[in-house]
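Everything below concerns the one structure shown next.
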There are 2 protein chains.
Amino acid sequence: MRYSHQREAIKKTIQETNCHPTADWIYKETIKIIPNISLGTVYRNLKCLEESGDIKTIYDGNIARYDWNTEPHNHLKCKHCGDLIDIVLSDESIHPQIKQDFKFDVDLVEMTIIGTCQKHT
Amino acid sequence: MRYSHQREAIKKTIQETNCHPTADWIYKETIKIIPNISLGTVYRNLKCLEESGDIKTIYDGNIARYDWNTEPHNHLKCKHCGDLIDIVLSDESIHPQIKQDFKFDVDLVEMTIIGTCQKHT
DNA sequence: TTTATAAATAGTAATAATTCCTATTATTAT
DNA sequence: ATAATAATAGGAATTATTACTATTTATAAA
Ligand SMILES: [Mn+2]
Ligand SMILES: [Mn+2]
Ligand SMILES: [Zn+2]
Ligand SMILES: [Zn+2]
């Protein structure tokens, strides 16, 4: 994979926010730096960055969001404001139980905890 | 909400499968019974059935799937064949921990466990 | 049992997110 | 500097879903 000005800007945009942005948000931010970047380039590079392990894709309902935090973690999702908050839970304990009960070989546990965040109290 | 032949057929289609079908799959099945049903009618009634509590919508990546099983449960997702398998885990134990640690009021825990099912051994 | 009312439908157009296509541009090895 | 080709911009195409509207249908009243 060859260097590109565009890919670096996209990566930087993602790494500078905690908001788990969508492709469109990333496009609107990156276009401020590279005024003629195209949305197609954003999508293509999001895929590159995911493949190189620089970012992670998360599916929030039926929209893709992107996360600079590639460490295993889960999310709290507020049903009022839609915010996604990172949490780390020790869910490794589930793996052997499932392997035994369902003959299912676990890679990862994707957990989203839905509720109300502290902003709405 | 008024009775409709179409809605009943859609509901029956969902209740007769364990495959967590997409809207399109449901459409293709239901059209065998009601040959002139439209995809819009399928989508509209899926929303009705969700609101009335007859079915549950689950998001698998960026596509919506529908589930007749409205009891709280989670899914094993096979990364090879894409199958979704129902499981029930007692995850209630994490609710109070999260409330304390994150001041986040938990409604439900959506968990998808990704790995390899027994078909690929 | 007709008739009136409005909810639901079929068919189609529109939208939103994402991917694909291609002529042009930019990176990088020589 | 030049050549080779990976990456881009811009736009078209695709896919999933929603919106629109004239017509049909369920249902309640006469
Ligand atoms: Mn995160
Ligand atoms: Mn299920
Ligand atoms: Zn909130
Ligand atoms: Zn499988």
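In what follows, chains carry the letters A, B, and so on, assigned in the order in which the sequence lines appear, proteins first and then strands, with residues in each chain numbered from 1. This structure is a prediction, so every number in the text was calculated from the model and none was measured.
- Each of A:Arg65 and B:Tyr3 was assigned the nucleotide of DNA chain C with the nearest heavy atom; the assignment lying further toward the 5' end belongs to B:Tyr3.
- Contact annotation: the side chain of B:Asn69 never approaches that of B:Lys56 to less than 4.5 Å [non-hydrogen atoms, C-beta and beyond].
- Remark: P of C:dT18 and CD of A:Glu50 are 13 Å apart, rounded to the nearest angstrom.
- Distance CG (A:Asn45) to P (D:dA6): 15 Å, rounded to an integer number of Å.
- Regarding B:Ile37, its CD1 atom lies at a distance of 16 Å from the P atom of C:dT12, rounded to whole Å.
- Taking only side-chain nitrogens and oxygens, A:Arg7 comes nearer than 4.0 Å to OP1 or OP2 of D:dA7.
- Counting only distance, with no hydrogens or angles, the side chain of A:Trp68 and the backbone of A:Asn18 share no donor-acceptor pair below 3.5 Å.
- Mapping B:Asn62 and B:Asn36 onto DNA chain C via the closest heavy atom, the residue that lands nearer the 5' end is B:Asn36.
- Applying the 4.0 Å criterion to OP1 and OP2 of D:dT17, one finds that B:Tyr43 has a side-chain N or O inside that range.
- Applying the 4.0 Å criterion to OP1 and OP2 of C:dA10, one finds that B:Thr41 has a side-chain N or O inside that range.
- If you check every strand for non-hydrogen atoms under 4.0 Å, A:Leu39 touches a base.
- Phosphate proximity of D:dT17 to B:Lys47: absent, as no side-chain N or O sits under 4.0 Å from OP1 or OP2.
- Spacing between atom CD of A:Glu8 and atom P of D:dA7 amounts to 13 Å, rounded to whole angstrom units.
- B:Asp24 comes within 4.0 angstrom of no nucleic acid atom, judged by non-hydrogen atoms across all strands.
- Along DNA chain D, the nucleotide nearest to B:Ala23 and the one nearest to A:Pro35 differ in position, and the one closer to the 5' end is contacted by A:Pro35.
- Here the side chains of B:Glu110 and B:Asn74 are not in contact, with every heavy-atom distance at 4.5 Å or above.
- Note that NZ of A:Lys47 is 8.5 Å distant from OG1 of A:Thr57, once rounded to the nearest 0.5 Å.
- Contact between the side-chain N/O atoms of B:Gln6 and the OP1/OP2 oxygens of C:dA10 is found at a separation under 4.0 Å.
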